[in-house]
J.: 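Pasting a structure below so you can have a look.
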Amino acid sequence: MTYEVSIIIPAYNEEDNINPVFMRVKNVMEEANISYEVIFVDDGSTDKTLERIKDLVTGNKNVRFTSFSRNFGHEAASSCGFRMVQGKAAVLLDADLQDPPEVIPQMYQKWKEGYEVVYGRRSRRQQEPLLKRASSYLFYRVLRLFTNVPIPLDVGDFRLVDRKVVTLFNALPERNRFVRGMFAWIGFKQTAVEYEREARHLGETKYGFIKLGLLSIDALVSFSLAPLRICIAFGLIITAMSFFITLVIVVQRLVWDLNIPGYALMTAGMFFLGGVQLMFLGIIGEYIGKIYKQVQGRPLYIVGESSEDPGNL
Ligand code: UDP
Ligand code: MG
């Protein structure tokens with residue numbers, strides 16, 4: 001039988017959340033009378049997450065799983081989950097219950113109305129640190145500014161997508177997978193369901209400040225050439241400025257016969273240019289790194305154990 005909805009739950013060290021999240025999903029889906037399956041992706045957890053998942057697989061025939069050989073990151077885990085989808089639509093859900101499963105029936109309703117992608121929009125984020133909220137606010141706006149892809153604001157990975165879109169997503173060959181950007185890029189009719197983001201149920205966030213920063217760079221680089229263009233613009237401005245300064249110095253020397261102590265200007269200029277060059281080399285390097293990864297063509301993840309063969313791109 002094909003289920004209506006496949007619910008993908010990536011989990012990394014979430015031993016205490018596996019059962020609660022499953023029970024909540026189960027209650028919600030049974031109450032709404034929607035047939036569903038749950039796909040757990042254990043992202044190389046070092047605690048008892050995998051055991052908890054296997055317990056559920058034993059007791060419920062609508063639960064499947066894949067476990068990675070090590071931690072490959074949330075983007076790889078969700079990509080694996082999408083490849084395992086058998087239902088007519090798929091939902092991506094965090095294991096920590098920050099995104100309430102109660103919203104899924106509303107998403108399902110929208111999908112029935114004909115929307116291929118229904119994302120959850122966070123109307124309020126309870127108890128998340130101000131710094132995290134502020135940086136995520138800024139991140140989405142900057143990303144929007146720099147890309148042509150209409151990435152929706154204040155939207156996380158919590159979403160329902162039609163099977164057709166899942167198939168297209170699975171066929172995208174890129175290694176650097178910024179999931180929400182990719183769905184925005186694929187397009188189709190999209191809409192949002194508002195919900196309040198809750199505090200994490202148990203355990204702690206795997207996305208510290210640095211990891212979030214790196215994710216932002218990934219997102220920017222995979223969806224925009226704007227940083228490279230900014231380098232070009234900067235280069236042009238500096239070149240123009242240096243021409244101007246040279247002209248001024250020559251005129252001063254020839255017309256007014258001034259004796260110019262040049263070292264201050266020179267050192268300042270040297271440091272400035274050195275800094276700018278290093279920064280731009282870094283930006284270019286970031287793109288080359290992405291190209292390198294893509295060319296290497298390694299799989300996104302290595303399966304350690306699975307209730308089936310999810311395949312690898
Ligand atoms: N996660 C994962 N692999 C990782 C990090 C996180 O599969 O390397 C899972 C994690 O178990 C959770 C979801 O991705 O279900 C979101 O992670 P988290 O709650 O730490 O992120 P936040 O909500 O703080 O952005
Ligand atoms: Mg979370």
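Positions are given from 1, in the same order as the sequence printed here. In each ligand, atom 1 is the first atom listed, and ligand 1 is the first ligand listed.
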J.: Taking everything shown except Lys293 itself, do over 12 heavy atoms lie less than 6.0 Å from its NZ?
T.: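 No, NZ of Lys293 has 12 or fewer neighbouring heavy atoms, counting only those of other groups under 6.0 Å.
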J.: Restricting to pairs with a member in residues 267-285, which pass salt bridge (charged side-chain N to carboxylate O under 4.0 Å, His left out), not counting sequence neighbours?
T.: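 Sorted result for residues 267-285: empty, none.
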J.: Between Asp43 and ligand 1, find which residue part has any heavy-atom pair under 4.0 Å and reply side chain, backbone, both or neither.
T.: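 It is the side chain that touches ligand 1; the backbone stays farther off.
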J.: Measure from the Mg ion (ligand 2) to each N, O or S atom of Asp94 and report whether any distance is below 2.8 Å.
T.: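 No, outside the cut-off.
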J.: How are the rings of Phe72 and Phe68 set to each other: parallel, tilted or perpendicular (split at 30° and 60°)?
T.: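 Phe72 vs Phe68 ring planes: perpendicular.
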J.: Checking Arg298 side chain against Val295 main chain: does a donor-acceptor pair fall under 3.5 Å?
T.: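 Checking the backbone N and O of Val295 against the side chain of Arg298, no donor-acceptor pair under 3.5 Å is found.
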J.: By number and element, which atoms of ligand 1 are closer than 4.0 Å to a non-hydrogen atom of Asp96?
T.: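 Within the 4.0 Å cut-off of Asp96, ligand 1 contributes 19 (O), 23 (O).
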J.: Considering the heavy atoms of Glu14, write down every atom of ligand 1 situated less than 4.0 Å from one of them.
T.: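 Result: 10 (C), 11 (O), 12 (C), 15 (O).
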J.: Give the atoms of ligand 1, by number and element, whose distance to some non-hydrogen atom of Asn71 is under 4.0 Å.
T.: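 Result: 3 (N), 4 (C), 8 (O).
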J.: List every atom of ligand 1 that sits less than 4.0 Å from any heavy atom of Gly73, numbering the atoms from 1 in the order shown and giving each element.
T.: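 The list of qualifying atoms is 3 (N), 8 (O).
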J.: Check each heavy atom of His74 against ligand 1 and say whether those closer than 4.0 Å belong to the side chain, the backbone, both or neither.
T.: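 It is both parts that get close, each with some atom under 4.0 Å.
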J.: Any salt bridge (charged side-chain N to carboxylate O under 4.0 Å, His left out) involving residues 106-116? Give me the pairs, sequence neighbours left out, ordered by first then second residue.
T.: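 For residues 106-116: Glu4-Lys112, Glu116-Lys164.
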J.: Find out whether the Lys NZ or Arg CZ of Arg70 is both under 6.0 angstrom from the six-membered ring centre of Tyr301 and within 45° of the ring's axis.
T.: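 No, a cation-pi geometry is absent between Arg70 and Tyr301.
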J.: Any nitrogen or oxygen of Pro10 lying under 3.5 Å from a nitrogen or oxygen in ligand 1? Just yes or no.
T.: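 Right, the criterion is met.
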